Number of protein chains: 2
Amino acid sequence: MEKKFVSAKDVAKLANVSQSTVSRVFTPGASVSEKVRRKVLEVAEELNYRPNALARGLINKKTNIVGLAMKDIQNPFYHEVLGMFSMKLREKGYNVLFVYTKNEEIQQEEINHFLEYNVEGIIITDALLSSNVVAKIHDNNIPITLFNRYHKDIPCNSVSSDNINASKEIASYFYEQGYRDIVYITGKINTSTNKDRQKGFIEYLKEKKIEVTILEGNYTYEKSYYLTKKMIENGHRPEAIFGANDITAIGALDALREKNISVPEETAVIGFDNIKMASWPSYMLSTWVQPIEKMVDEAIHLLLNNDRVNSPKAVKLKGKFIHRNTTK
Amino acid sequence: MEKKFVSAKDVAKLANVSQSTVSRVFTPGASVSEKVRRKVLEVAEELNYRPNALARGLINKKTNIVGLAMKDIQNPFYHEVLGMFSMKLREKGYNVLFVYTKNEEIQQEEINHFLEYNVEGIIITDALLSSNVVAKIHDNNIPITLFNRYHKDIPCNSVSSDNINASKEIASYFYEQGYRDIVYITGKINTSTNKDRQKGFIEYLKEKKIEVTILEGNYTYEKSYYLTKKMIENGHRPEAIFGANDITAIGALDALREKNISVPEETAVIGFDNIKMASWPSYMLSTWVQPIEKMVDEAIHLLLNNDRVNSPKAVKLKGKFIHRNTTK
DNA sequence: ATGTATTTTGCATACGTATGCAAATGAAGG
DNA sequence: CCTTCATTTGCATACGTATGCAAAATACAT
């Protein structure tokens with residue numbers, strides 16, 4: 001039982017045409033008479049022939065592959081992102097070469113495979129890479145887009161929410177409600193998402209002469225849960241908590257619930273992301289919606305239509321606040 | 001600014017050797033003198049050369065690509081699975097071509113891309129495909145492994161938990177505890193995972209002359225939450241609930257909590273999967289652990305070492321019960 | 001029918017790599 | 001130094017497809 005691969009030559013033979021003609025039938029816009037086209041398609045169908053994407057890629061330098069590297073994450077937000085990328089790229093005729101990483105900073109070695117397969121672009125979500133890795137990739141003329149991360153020293157495109165203004169709006173909301181004892185539970189502190197959310201939030205309130213209590217979390221439920229619990233046990237029962245993402249907010253929420261602190265009456269809570277879980281009846285978490293679809297669209301657009309690698313753009317998209325039951 | 005692709009020929013020229021020699025340097029086990037190898041590697045490094053995987057695949061018929069199709073899922077269980085597959089395949093030198101689907105039954109069109117890229121195997125998680133699609137794939141001599149699904153009419157390998165015996169053990173646990181008013185909240189009813197869990201559970205209890213109450217869910221939190229709530233409002237407060245997966249069980253748990261029914265005193269709850277969330281302090285859900293790592297290992301082994309496509313194996317692996325706070 | 005414009009087709013070659021084969025080089029032994 | 005044998009190297013070709021070019025076939029106008 002041989003590895004039986006059907007090639008254009010096989011089809012050509014059976015259809016009494018040349019291999020070139022078969023190729024043209026499968027090349028949009030190429031010149032083939034209607035009669036021959038039908039004949040070839042018929043034979044192709046019969047032999048179950050499909051053009052070999054590898055050979056095609058070799059000639060065209062068009063592999064139709066995009067590399068997607070995603071960091072080890074608990075956050076369901078990124079699962080939605082992954083699904084969205086997969087669907088959208090497929091619609092545009094691209095395939096996804098997927099790599100899952102545990103490193104906050106993607107290593108050269110993890111990217112090399114992308115280069116070997118001549119991917120037409122690389123998307124990196126929830127992680128960074130060093131600038132010399134970026135340089136190497138750009139040497140090969142391959143565009144990169146960071147999703148939901150950016151860094152001034154990393155010269156490549158990025159797409160994210162406008163975290164600063166989003167968290168300012170959240171701060172403003174708390175302020176308007178009359179809250180003065182306000183807590184921010186951070187995400188991983190060295191991430192750009194957290195930095196910006198923290199910055200916008202704190203700055204706004206500083207202008208109002210309010211000092212925010214910072215609890216240093218790491219974007220996980222557990223950490224946030226224990227931080228909140230300990231805070232309460234220490235006698236601190238704030239009026240409002242902003243969690244750096246929904247998981248964080250939910251952890252806080254569960255801690256509050258356990259301590260029988262009523263939400264939103266005694267303490268209001270707001271998250272960030274609008275993951276599915278946020279709308280579960282038992283949580284009904286007020287949160288900030290990241291416009292995933294727009295972000296993904298923009299990331300793909302940036303990746304595939306950037307004429308110039310040298311002028312990296314940092315796109316920030318605006319989301320919106322969703323009021324549910326954890327705010328008044 | 002041209003697309004500057006560095007080929008073996010470029011390296012050859014600069015290193016004063018033939019292209020063949022360069023190739024041999026990058027082909028494990030090929031014969032090259034130590035002196036030449038060093039020289040070539042040095043030049044390769046300098047030019048940032050890496051062998052083109054597409055051209056390699058063309059010749060070798062070894063693309064080192066595995067196709068992975070995953071169904072639209074909320075279930076965090078599958079995120080862990082995805083991560084595991086990605087890591088394990090990478091360790092073995094394979095790359096993952098990823099497709100996200102919304103169809104319960106994978107369509108030919110979604111698989112075609114895999115075939116075009118000459119993937120060496122296809123893994124399908126949480127979904128099925130029709131037997132004629134399987135036939136077409138096997139025509140190309142490409143192995144398939146279903147993960148956590150199987151069907152008697154689909155002639156391909158599969159790996160899953162031993163769902164029947166697992167749920168029998170859960171039933172037995174409930175029985176030993178003296179529970180007689182027992183509820184099973186189903187997953188999507190036409191899935192093999194649900195069918196087997198339901199079957200094992202019901203059969204065991206039927207032998208004990210116990211009639212299980214069936215609530216028809218669909219593996220989502222919302223559905224389970226509303227079913228449970230309605231049941232309670234109808235005056236039915238069972239002694240024990242088995243949710244077809246953790247998300248289902250958590251939905252039930254939240255409904256019980258809202259109705260102020262104490263868990264596990266008044267009602268015990270068990271889930272299935274052992275997702276991260278099950279160990280969150282606010283849930284501490286007793287559940288059945290699926291041995292993800294073993295399952296993934298086995299799936300990969302089955303996929304890549306199956307000498308005969310014609311004798312599909314259905315591997316079922318045993319998990320174990322984890323006792324937390326939702327059972328006595 | 002003839003000539004011209006247009007479309008369709010096949011030939012040959014290229015993409016970047018791997019490999020059988022033979023030539024070249026080196027090592028070893030007398 | 002010559003012979004024999006092992007190792008290393010280059011040449012040529014193949015993988016499956018796309019495409020420029022010229023030949024062939026068709027369409028059209030007269």
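Just so it is clear: chains get the letters A, B, ... in the order the sequence lines come, proteins before strands, and each one is counted from 1. Values in this document were obtained by computation on a predicted structure and should not be read as measured data.
- If you take CG of B:Leu58 and P of D:dG16, they are 7 Å apart, rounded to a whole angstrom.
- Taking atom NZ of A:Lys9 as the reference point, atom P of C:dC11 lies 12 Å away to the nearest angstrom.
- Other residues, nucleotides and ligands contribute only 12 or fewer heavy atoms inside 6.0 Å of the NZ atom of B:Lys294.
- For A:Ser31, no side-chain nitrogen or oxygen approaches OP1 or OP2 of C:dT9 to under 4.0 Å.
- Here the side chains of A:Tyr49 and A:Pro51 are in contact, with some heavy-atom distance below 4.5 Å.
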Between N or O atoms, less than 3.5 Å apart, protein on one side and nucleotides 22-28 of chain C on the other: list the pairs.
none

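- With rounding to whole Å, B:Arg38 atom CZ is found 13 Å from D:dT8 atom P.
- One finds the CZ atom of B:Phe98 at 12.5 Å from the CG atom of A:Asn95 (value rounded to the nearest 0.5 Å).
- Between the side chains of A:Ser20 and A:Ser23, not a single donor N or O lies within less than 3.5 Å of an accepting N or O.
- In this structure, the NZ atom of A:Lys13 is 12 Å from the P atom of D:dG16, given to the nearest Å.
- Under 4.0 angstrom from either OP1 or OP2 of C:dG16 there lies at least one side-chain N or O belonging to A:Lys61.
- Looking at B:Glu104 and B:Arg149, a side-chain N of the basic residue comes within less than 4.0 Å of a carboxylate O on the acidic one, giving a salt bridge.
- Between A:Glu116 atom CD and C:dG16 atom C1' there is a gap of 13 Å when expressed in whole angstrom units.
- Rounded to an integer number of Å, the gap from OH of B:Tyr117 to C1' of D:dT17 is 14 Å.
- Under a 4.0 Å N-O distance rule, the pair B:Lys313/B:Glu298 does not qualify as a salt bridge.
- Protein atom CZ of B:Arg37 is 15 Å distant from nucleotide atom P of D:dT7, rounded to whole Å.
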Determine whether A:Asn52 and B:Glu116 satisfy the following criterion, side chain to side chain contact (heavy atoms under 4.5 Å, CB included), listing intermediate values before the conclusion.
CA-CA 5 Å; A:Asn52 183 323; B:Glu116 288 169 15; over 6 Å; no

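- Along DNA chain D, the nucleotide closest to A:Asn52 and the one closest to A:Lys35 are compared, and the more 5′ of them pairs with A:Asn52.
- A residue-by-residue look at A:Val17 and B:Ser7 shows that A:Val17 has its nearest nucleotide of DNA chain C further toward the 5' end.
- Separating the NZ atom of A:Lys39 from the C1' atom of C:dT8 is a distance of 18 Å, rounded to the nearest angstrom.
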Every protein N/O within reach of nucleotides 18-21 of chain C N/O, cut-off under 3.5 Å:
unit_1 : atom_1 : unit_2  : atom_2 : d
C:dA18 : OP1    : B:Arg56 : NE     : 2.2
C:dA18 : OP1    : B:Arg56 : NH2    : 3.1
C:dA18 : OP2    : B:Ser23 : OG     : 2.7
C:dA18 : N7     : B:Gln19 : NE2    : 3.4
C:dA18 : N6     : B:Gln19 : OE1    : 3.1
C:dT19 : O4     : B:Ser20 : OG     : 3.1

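- Classification of the B:Tyr78-B:Phe147 ring pair by plane angle, with boundaries at 30° and 60°, yields perpendicular.
- Side chain to side chain, A:Tyr117 and B:Asn64 fail the donor-acceptor criterion of an N or O pair below 3.5 Å.
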